[in-house]
Amino acid sequence: MAGPLADKHVVLGVTGSIACYKALDLASKLVQAGALVDVIMSHGATQFVTPLAFRSITHRAVVTDSFDPDSEYSVEHVALAQQADVIVIAPATVHCIAKLALGLADDSLTTTVVAARCPLVVAPAMDGNMYDHPTTQENLATLKERGVVIAGPGIGRFASGLSGVGRLLETPDLLGNISYAMGINGDLAGKTVVVSAGGTMEPIDPVRVITNHSSGKMGYSLAEAARDRGANVVLVTAPTNLTAPALIDVVQVNTAEEMRVAIQARTATTDALVMAAAVADYRPTKAEDQKIKKTEDDLNIPLSKTTDILKNATGNFVRVGFAAESQNLVANAKAKVEAKQLDLIVANDITAEGSGFGSDTNQVTLIDRDLGVEELPLLSKYDVSNRIWDRVKDFFRD
Ligand code: CTP
């Protein structure tokens, strides 16, 4: 199975909050992502959901008591702590956060945390006033200083009926925080990368646009894969149906020109620019102010060439382009390497099976600045992304 969580040992700590029901969904998504999930529940958590519910999802023993004589582990907290690639506490209560900040170890979860040396993610869930309380804020700051990843909390409505900051993050954001935490010291740590994604939208009039079939999945996967290897990621994205990935600086744009401006503003500080976006080559010369009425049988819309963002982006960074081709893949892509002065181009045949628009997989050919050709097999877009970052790493100008 592909992805950052495949075959990873995740300890999921669950403490007593009404948000415990969401931890079931998190456990389920972790398992679906290929992780081996060991759940440790506080006494409070067992009052909200049953250990059986977690066990049914993870197919593994659920720890609820430090002194379980039937435990399969000889010294449970040490065994779990040693195995863990990451510990995630979701939801984390005010009380649990305070114990972690003090280093208290009075139950299975907190003893496991103290015994472990892997990354720790803490996802607070509490009412707004409890979150705002100075002691909570101080305790969270202490944990952050120690390198703990504090996931969220989110903003919204609480079970109390009040609204504010303190909600447990939704599962996709929690997963993003977990992947980020595991890769925080990865081989792209300290690097900043700009990735573009999606198909630009060029207005014809207030209701119509010229766009293309790009789903944005390749660009979003590239951004997530870079984040999961420790990079600071800026994702400049044209409109897509995808949700903004966690811990990535997402810049929303519509047109090719807006994308150019957003990227140009960041070229001085980036170590790599990866243009996965399908940028319109032509835009309506003039976007009409009013809706075009249906009058003539034929309608001609004058188009003007857009600026080639990649070709005109100057600076000391690694330059990666994409070439979506329907014929003469390698020859066309090689021409683009030279025309746009690229370090690497990712060429894909949009007619090949499993590589079309919107697909979760892609089969690409990488061509580098020396025109060396590397044909990759059909892979998930996340795996393709990692193969691309493997190559980009070699081009970093230190
Ligand atoms: N690109 C860009 N700015 C544009 C058009 C394209 O930065 N105005 C980038 C794309 O994001 C991609 C690369 O250039 O990384 C190649 O895009 P592609 O559309 O395949 O090539 P073009 O140069 O536009 O040539 P053609 O459409 O004729 O194949």
Side-chain angles (χ1 to χ4, degrees), residues 193-203 209-223 225-226 233-240 251-267 270 272-285 303-315 317-352 355-357 362-369 371 373 376 381 384-385 387-389 391-392 395:
V193 301
V194 175
V195 177
S196 69
T200 61
M201 286 195 182
E202 310 299 329
V209 294
I210 296 180
T211 188
N212 57 69
H213 288 302
S214 170
S215 66
K217 284 183 181 174
M218 193 62 236
Y220 277 58
S221 291
L222 275 157
V233 186
V234 181
L235 175 63
V236 180
T237 177
T240 69
V251 183
Q252 298 278 353
V253 296
N254 289 301
T255 64
E257 183 56 15
E258 287 171 17
M259 185 170 275
R260 186 191 67 75
V261 170
I263 288 172
Q264 190 175 318
R266 288 162 179 84
T267 49
T270 193
L273 170 62
V274 181
M275 284 295 297
V279 185
D281 289 330
Y282 293 90
R283 63 177 172 79
T285 306
L303 301 178
S304 307
K305 223 183 206 173
T306 58
T307 305
D308 191 314
I309 303 170
L310 190 53
K311 193 171 175 181
N312 290 287
T314 50
F317 51 83
V318 180
R319 306 157 59 81
V320 182
F322 271 69
E325 306 289 346
S326 55
Q327 56 184 353
N328 303 330
L329 181 73
V330 172
N332 282 336
K334 279 185 174 173
K336 285 176 190 173
V337 170
E338 295 190 325
K340 303 191 190 209
Q341 295 290 298
L342 303 181
D343 294 294
L344 190 72
I345 199 156
V346 185
N348 74 329
D349 177 351
I350 52 170
T351 62
S355 298
F357 293 108
N362 208 353
Q363 199 263 303
V364 303
T365 301
L366 303 181
I367 301 168
D368 60 31
R369 59 189 182 204
L371 303 184
V373 177
L376 300 184
K381 286 188 171 168
V384 171
S385 301
R387 300 290 286 265
I388 293 168
W389 292 121
R391 297 295 301 272
V392 169
F395 294 121

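All heavy atoms count here, side chains included; hydrogens, waters and symmetry mates do not. Both ligands and their constituent atoms are indexed starting at 1 by order of listing. Residue numbers start at 1 and run along the sequence shown.
- Thr200 has its side chain out of reach of Val253: every pair of non-hydrogen atoms, C-beta onward, lies at least 4.5 Å apart.
- At least one N/O-N/O distance between Phe322 and ligand 1 falls below 3.5 Å.
- Taking a cut-off of under 4.0 Å to the non-hydrogen atoms of Ala323, the atoms of ligand 1 that pass are 20 (O).
- The pair Asp343-Arg319 fails the salt-bridge criterion, with no side-chain N (NZ, NE, NH1 or NH2) lying under 4.0 Å from an Asp/Glu carboxylate O.
- Between Val279 and ligand 1, no N or O atom pair is found at a separation short of 3.5 Å.
- There is a protein heavy atom less than 4.0 angstrom from atom 25 (O) of ligand 1.
- Nearest to atom 23 (O) of ligand 1 by heavy-atom distance, out of Lys336, Lys340, Arg260, is Lys340.
- Looking only at distances, a side-chain donor or acceptor of Ser385 sits under 3.5 Å from a matching main-chain atom of Leu222.
- Considering only heavy atoms from C-beta on, Asn254 stays 4.5 Å or farther from Val209 through its side chain.
- Atom 7 (O) of ligand 1 has as its closest protein heavy atom Leu310 N, 2.9 Å.
- For ligand 1, the atoms closer than 4.0 angstrom to any heavy atom of Thr307 are 3 (N), 4 (C), 8 (N).
- Among Lys305, Met201, Glu202, the single residue meeting the side chain to side chain contact (heavy atoms under 4.5 Å, CB included) criterion with Arg283 is Glu202.
- Closest to atom 3 (N) of ligand 1, if we only count protein heavy atoms, is Ile309 N, 3.0 Å.
- Close approach to Thr306 involves these atoms of ligand 1, each under 4.0 Å from a residue heavy atom: 8 (N).
- The heavy atom nearest to atom 10 (C) of ligand 1, considering only Ala276, Ala280, Ser214, Ala277, is found in Ala277.
- When each of Glu257, Met259, Gln264 is tested with Val261 by the rule side chain to side chain contact (heavy atoms under 4.5 Å, CB included), just one qualifies, namely Glu257.
- Heavy-atom neighbours of Lys336 NZ from other residues, nucleotides or ligands within 6.0 Å: above the threshold of 12.
- Atoms of ligand 1 lying under 4.0 Å from any heavy atom of Gly321, numbered from 1 in the order shown and given with element: 15 (O).
- Against a heavy-atom cut-off of under 4.0 Å, Asp281 is close to the following atoms of ligand 1: 5 (C), 24 (O), 27 (O).
- The shortest distance between side-chain heavy atoms of Val279 and Arg260 does not fall below 4.5 Å.
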